[in-house]
4 protein chains.
Amino acid sequence: MPRNLVRDQQLREERRKQILDAAAHVFATRGLLTKISDIAAGAGLSHGHVYNYFKSKEEILLAVIERGQLRYGKILRAAEEVEGNAADKFRYLARRSLPSASSADIYLVLLQALFTDLLEEEDKRVIRGRAKANLGILLALIEEGQQDGTVMQGNPIQLATLFGTLIQNLMLMEMRGYAPATEETIELLIRMLGPCP
Amino acid sequence: MPRNLVRDQQLREERRKQILDAAAHVFATRGLLTKISDIAAGAGLSHGHVYNYFKSKEEILLAVIERGQLRYGKILRAAEEVEGNAADKFRYLARRSLPSASSADIYLVLLQALFTDLLEEEDKRVIRGRAKANLGILLALIEEGQQDGTVMQGNPIQLATLFGTLIQNLMLMEMRGYAPATEETIELLIRMLGPCP
Amino acid sequence: MPRNLVRDQQLREERRKQILDAAAHVFATRGLLTKISDIAAGAGLSHGHVYNYFKSKEEILLAVIERGQLRYGKILRAAEEVEGNAADKFRYLARRSLPSASSADIYLVLLQALFTDLLEEEDKRVIRGRAKANLGILLALIEEGQQDGTVMQGNPIQLATLFGTLIQNLMLMEMRGYAPATEETIELLIRMLGPCP
Amino acid sequence: MPRNLVRDQQLREERRKQILDAAAHVFATRGLLTKISDIAAGAGLSHGHVYNYFKSKEEILLAVIERGQLRYGKILRAAEEVEGNAADKFRYLARRSLPSASSADIYLVLLQALFTDLLEEEDKRVIRGRAKANLGILLALIEEGQQDGTVMQGNPIQLATLFGTLIQNLMLMEMRGYAPATEETIELLIRMLGPCP
DNA sequence: AATGAATGAGCCTTCATTCAT
DNA sequence: CATGAATGAAGGCTCATTCAT
């Protein structure tokens, strides 16, 4: 039966993913007040069963955040590979951060999680570490843009930080009573980053 | 009536303010998971006493948000009055939004509150309404800047939204693992907004 | 100043009466869930001040019950003195127990109080003792009626109990969704008690 | 679905009944001051679990009252079916209302509930409606008795009200310091209702 | 005396987590 | 594996009681 074990493992992994998907959605929708039973309902299973895959709500939250950060990192690396100049890469990045892209909606949860004492300080440290790693990629893109003349001069870290803030907030605009972000918004953003020739 | 009614009223008002200050701080620090007893402790009184000033936790949250939005509006109007061109006004605005300025730290609470069903839909509507009013002031500033040549051309609403997002996030940068905002950040921000002559 | 002391004592007694009146009304209206502040409001003073006259809510409740029972006893003794036969005395008794007569509305409070552990067992014993004393008077009336031929034969204690139950419930009829008691009801009651010649 | 759904449903129903039984007892014993934890303890489960069956204390109270009223209605209808004349039916009715019959002990709770603002006015309306329906049955019995000569003449509604009051108070007699009701009491009651030939 | 600010015990209710089936 | 019954810790809120003014 080793075959079954492999298959079991796959099923198990699928389930975990299912739960995390639901959790990401619910966390992003209701914040940290999210209940285990909401997650379970979203994943289509009983709340008790969730504990066969994660040992606590905290673990789920951590997993959701980790996945969100890793995905964001993946998008960042994908942006690096985009054909064209740095502006094109930022354009790609911003587009992937629009509300329709599910990958971004975890960002607010992360923000909240860094507050509360729901998470251990150690966990927060890890999360900040990943954030810094992601910022590093953004930083490289900024510097590339300053080289190829599509990004203004200035402290790259500051620029990366500002740009990072912006794209992660794109999806939240509507929620905050502002107009939702569109392609037009993205073009403006690119121009804002741009140099004055 | 052996009491001094006028004085009592003043004390009462002070207490309310005291509670709101504590609440703002704790909400900003621990998010919606904030306990009434945390607020009470922060204000230096017993949890039961809080209910002599506010009739529920929800009411406190609403008051905190309202006050935060009104203060932000006040800052916006103060910025309008600043001597100089639009860039100077934005500079002023950004400076007042740095972490050291306590008035801004409510913004994240607001963001969280718009999620959850902790608040009635009606309350959320009111909050979004005030946000829109504030955006209107920012909008006027943007248009002024486009007139006096210190702000780039482009859809003013979009620009206002982007800028609003940025300044409200200044204080959160550090928290999110990025470098904290400084005067240098502000200058970059002003240049980003600026036109290409 | 002994005159002042006397006067003070009178005022104090008046105040106590005021509070008990309010308490009786509120207890009869809202049951044991009655709050001290309701009583205070009813008596037109601050809740804190009540404690200058009674040392606890329990003491007030006991006083209200005692007064109610004593008044009922007084009514019973007044009935004994009524001119005419026993039927006339019962008629008088029933009339004084109609809803309009405030003396009866405490009966339900008493009923509730005998339940809960809000009262010490010792207090309950005292209350039951007074109830028994009152029943004794009723018993005498019943026996008088059996003598003068206006009350049916049968165990006088049973009859007294049944009649006591009835008149104390007269005021509650309306509350329980039944038709309110009237003079007609009273006449029926007298006839029910009456013998078959 | 490894569970036996039908069985689960049965168990669930049993549990509900268990809780209601406990609640009826405790409410009848301690009045509206009854704590959820008392009910839970009475039913042999944890307080939290009670909320898996009822969503609030108020709902439990309402259910207890409803059940009590329905049971009383059932007894009334059973009395209607008793062989014999109306007196026999009343006898049956009174017997079923003695303290030993658990079905009646809810009446006092009902009485208390009609006070307080613990219940919505709407709920009280419903309760009064059911009381009126039950009174209707009693009314029919009275009229039957007036026909077959076992009940005195007079306004049937008044008679029904008086009789209803009496039988519902039978169980409370002892509690109020009076002699407890017995078969002898019941016979007296029947005679009181009877006509004078 | 008189007020109402202040406290904290206590109850209702929710929900993470465990566990029997 | 799956379910949901069951528990109990924790937090919101009320209100009796005390006390400074």
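Only a predicted model underlies this, so the values are computations on that prediction, with no experimental measurement involved.
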In whole angstrom, give the distance that lies between atom [atom1] of [X] and atom [atom2] of [N].
X	N	atom1	atom2	answer
C/Leu11	E/dA1	CG	P	10 Å
C/Asp8	E/dA1	CG	C1'	10 Å
A/Arg7	F/dC1	CZ	P	14 Å
B/Lys57	F/dG11	NZ	C1'	8 Å
C/Leu118	E/dC11	CG	P	11 Å
C/Phe54	E/dA2	CZ	C1'	17 Å
D/Ile19	F/dA5	CD1	C1'	11 Å
C/Gln18	E/dA1	CD	P	14 Å

Polar side-chain atom of [X] near backbone of [Y] as donor-acceptor pair, under 3.5 Å:
X	Y	result
B/Thr116	A/Arg30	no
C/Lys124	C/Ala113	no
B/Gln112	A/Gly31	no

So which heavy atom on D/Ala22 is nearest to which on D/Gly42, and how close?
CB-C, 3.6 Å
Heavy-atom pair of closest approach, residues C/Thr29 and C/His25
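Smallest interatomic distance, heavy atoms only, reads OG1-O, 2.7 Å.
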Apply side chain to side chain contact (heavy atoms under 4.5 Å, CB included) to the pair D/Phe27 and D/Ile65, showing each step before the final yes or no.
CA-CA 10 Å; D/Phe27 271 125; D/Ile65 290 175; over 6 Å; no
OP1 or OP2 of F/dA2 under 4.0 Å from side-chain N/O of A/Arg15
yes
Does D/Tyr51 place a side-chain N or O at less than 4.0 Å from the phosphate oxygens OP1/OP2 of E/dT14?
no
Tell me whether B/Arg12 forms a cation-pi arrangement with B/Tyr53, defined as NZ or CZ under 6.0 Å from the six-membered ring centre and within 45 degrees of its axis.
yes
Give the dot-bracket string for DNA chain E, reading 5' to 3', where a pair is Watson-Crick or G-U wobble with both distances under 3.5 Å, ( ) marks pairs inside the strand, [ ] marks pairs crossing earlier ones, | marks a partner on another strand, and . marks unpaired.
.||||||||||||||||||||
Heavy-atom nearest nucleotide on DNA chain E for B/Arg12 versus D/Gly48: which residue maps closer to 5'?
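Comparing both residues, the 5'-ward one is B/Arg12.
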By nearest heavy atom, map D/Ser56 and C/His49 onto DNA chain E; which one lands nearer the 5' end?
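The residue mapped nearer the 5' terminus is C/His49.
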D/Lys17 and D/Glu14: CA distance, side-chain angles, deciding distance, salt bridge (Lys or Arg N to Asp or Glu O under 4.0 Å) verdict:
CA-CA 5 Å; D/Lys17 201 170 152 326; D/Glu14 257 173 56; over 6 Å; no
Nearest heavy atom decides the nucleotide; on that basis, is C/Leu33 or D/Val50 closer to the 5' end of DNA chain F?
D/Val50
Tell me whether the side-chain N or O atoms of C/His47 pair up with the base of E/dT3 as donor and acceptor below 3.5 Å, since no angle test is needed here.
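Counting by modelled atom types and ignoring angles, no donor-acceptor contact under 3.5 Å is found here.
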Which nucleotide in the set E/dT3, F/dT17, F/dA10 lies at the smallest distance from any side-chain heavy atom of C/Asn52?
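Nearest to the side chain of C/Asn52 among the choices is E/dT3.
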Nearest to side-chain heavy atoms of A/Tyr53, which nucleotide of F/dC1, E/dT13, F/dT17
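Selected nucleotide: F/dC1.
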Check this for me, if you would: do D/Arg128 and D/Glu121 make a salt bridge, where the nitrogen-to-carboxylate-oxygen distance has to be below 4.0 angstrom?
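Looking at D/Arg128 and D/Glu121, the cut-off is met.
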Looking at C/Asp21 and C/Arg67, is any side-chain nitrogen of the basic one under 4.0 Å from a carboxylate oxygen of the acidic one?
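Result for this pair is yes, salt bridge flagged.
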Within residues 34-46 of chain B, the residues having a heavy atom closer than 4.0 Å to DNA chain F are B/Thr34, B/Lys35, B/Ile36
